[in-house]
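So the structure is just underneath, and the comments pick up after that.
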Amino acid sequence: MNKEIPDPQFNAPGKDRAVRAMFAEIAPSYDRLNHLLSLNIDKRWRRFTIAKLADILKRPGTLALDLCCGTADLTIELQPFTQVIGCDFCHPMLVIGNEKIDHQSEMRDRPLLTEGNAMQLPFADRSFDIVTIAFGLRNLERVDIGLAEICRVLKPGGRVAILEFSRPIVPVFRQLFEFYFHNILPRIGALISGSTTAYTYLPKSVGNFPDQKRLASLMRETGFSAVRYHNLSAGIAALHLGERQ
Ligand SMILES: C[S@@+](CC[C@H](N)C(=O)[O-])C[C@H]1O[C@@H](n2cnc3c(N)ncnc32)[C@H](O)[C@@H]1O
């Protein structure tokens, strides 16, 4: 049983260790719950993300980093288009990711999964053409450091794609979704994962995370150019894109 409860505040000190322990606890049920709680819409969001990277993915020799890759869903989706490395600091999530990769027998260039902290990436400057991060940025102890690290490891002209929960933009839908997110999702999550904390942490951490416009500003402050975003499912999630100059 995980005794450490991650602080759902934005940039909370000490968040790293508790977040890692929380994902280690829920790793075995993570995929099942993800798809169940989102009614499989998360799969559509990942495919949309890849579509917005298509121009770079078409270029020969493209190298992508899927940061906070977890159980490697996005890593696996990227693999047919490019060489990809997944990185996450939670070992049990990576073990499940590797098992999934093992089962994809048709994979030619097997993605490499590596253990590393998004705030201190184990990669040289200007290594990647693309960095993706799906539902990971919100969990970092210091989002500004994470964004700076992404910028550092991107090649000039490279693109970051940040897929994250955001703020629904349609008023009545927003209220209905917030009710589901804060009252129903934590109960189903606790029942299936056995963790009473993880699915309470999720809506709280989303509520404390910058909204669409604020995240775009943070990206610009980090030095990304051509920053833009797409609301997904009326803003339940958003995909932010930016280029390294
Ligand atoms: C909600 S999961 C998302 C996993 C995957 N990207 C997906 O779309 O399903 C968040 C992941 O971020 C990882 N994570 C959180 N903070 C991290 C950090 N500082 N460095 C590396 N990984 C981190 C967690 O271990 C977890 O696997």
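Indexing begins at 1, ligand by ligand and atom by atom, following the structure's order. Only this structure's heavy atoms are used, side chains among them; waters, hydrogens and symmetry mates stay out.
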Response to the item:
shortest atom 22 (N) of ligand 1-to-protein heavy-atom contact is with F89 N, 3.2 Å
Discussion item. Show me which atoms of ligand 1 lie under 4.0 Å from any heavy atom of G70.
Written reply: 4 (C), 27 (O)
Fill in: Protein residue, atom and distance nearest to atom 7 (C) of ligand 1, heavy-atom basis
R46 NH2, 3.3 Å
Worksheet, complete the sentence: Looking only at protein heavy atoms, what sits closest to atom 26 (C) of ligand 1 is D88 OD2, 3.5 Å
Response to the item:
Near A118 (heavy-atom distance under 4.0 Å), the atoms of ligand 1 are 18 (C), 19 (N), 20 (N), 21 (C)
Item to complete: Find all atoms of ligand 1 within a distance of less than 4.0 Å from any non-hydrogen atom belonging to G116, and give their numbers and elements.
Response: 20 (N), 21 (C)
Practice prompt. Identify, for atom 12 (O) of ligand 1, the protein heavy atom at the shortest distance, and state residue, atom and that distance.
Written response: C68 CB, 3.3 Å
Discussion item. Looking only at the aromatic ring of each residue, does the gap between the centers of F165 and F135 stay below 6.0 angstrom?
Written reply: yes
Item to complete: Show which atoms of ligand 1 fall inside a sub-4.0 Å distance from at least one heavy-atom site of N34.
Response: 9 (O)
Discussion item. Taking the basic N atoms (NZ, or NE/NH1/NH2) and the acidic carboxylate oxygens, is any pair closer than 4.0 Å for R138 and E164?
Written reply: yes
Response to the item:
V19 heavy atoms within 4.0 Å reach ligand 1 at atoms 15 (C)
Worksheet item: Does ligand 1 have any atom sitting under 4.0 Å from a heavy atom of N117?
Response: yes
Worksheet item: So which heavy atom in the protein is nearest atom 10 (C) of ligand 1, and how far is it from that ligand atom?
Response: F135 O, 3.3 Å
Item to complete: State the atoms of ligand 1, each with its element, that fall below the 4.0 Å cut-off from a heavy-atom position in N139.
Response: 10 (C), 15 (C)
Item to complete: Classify the contact between D16 and ligand 1 as side chain, backbone, both or neither, using a heavy-atom distance cut-off of under 4.0 Å.
Response: side chain
Response to the item:
Taking only non-hydrogen atoms of M93 and a 4.0 Å limit, the atoms of ligand 1 in range are 27 (O)
Discussion item. Closer than 4.0 Å to some heavy atom of L140 - which atoms of ligand 1 meet that?
Written reply: 16 (N), 17 (C), 18 (C), 19 (N)
Practice prompt. For atom 2 (S) of ligand 1, grab the closest protein heavy atom and report residue, atom and distance to one decimal in Å.
Written response: Y30 OH, 3.4 Å
Item to complete: Decide whether an N or O pair under 3.5 Å exists between C87 and ligand 1.
Response: no
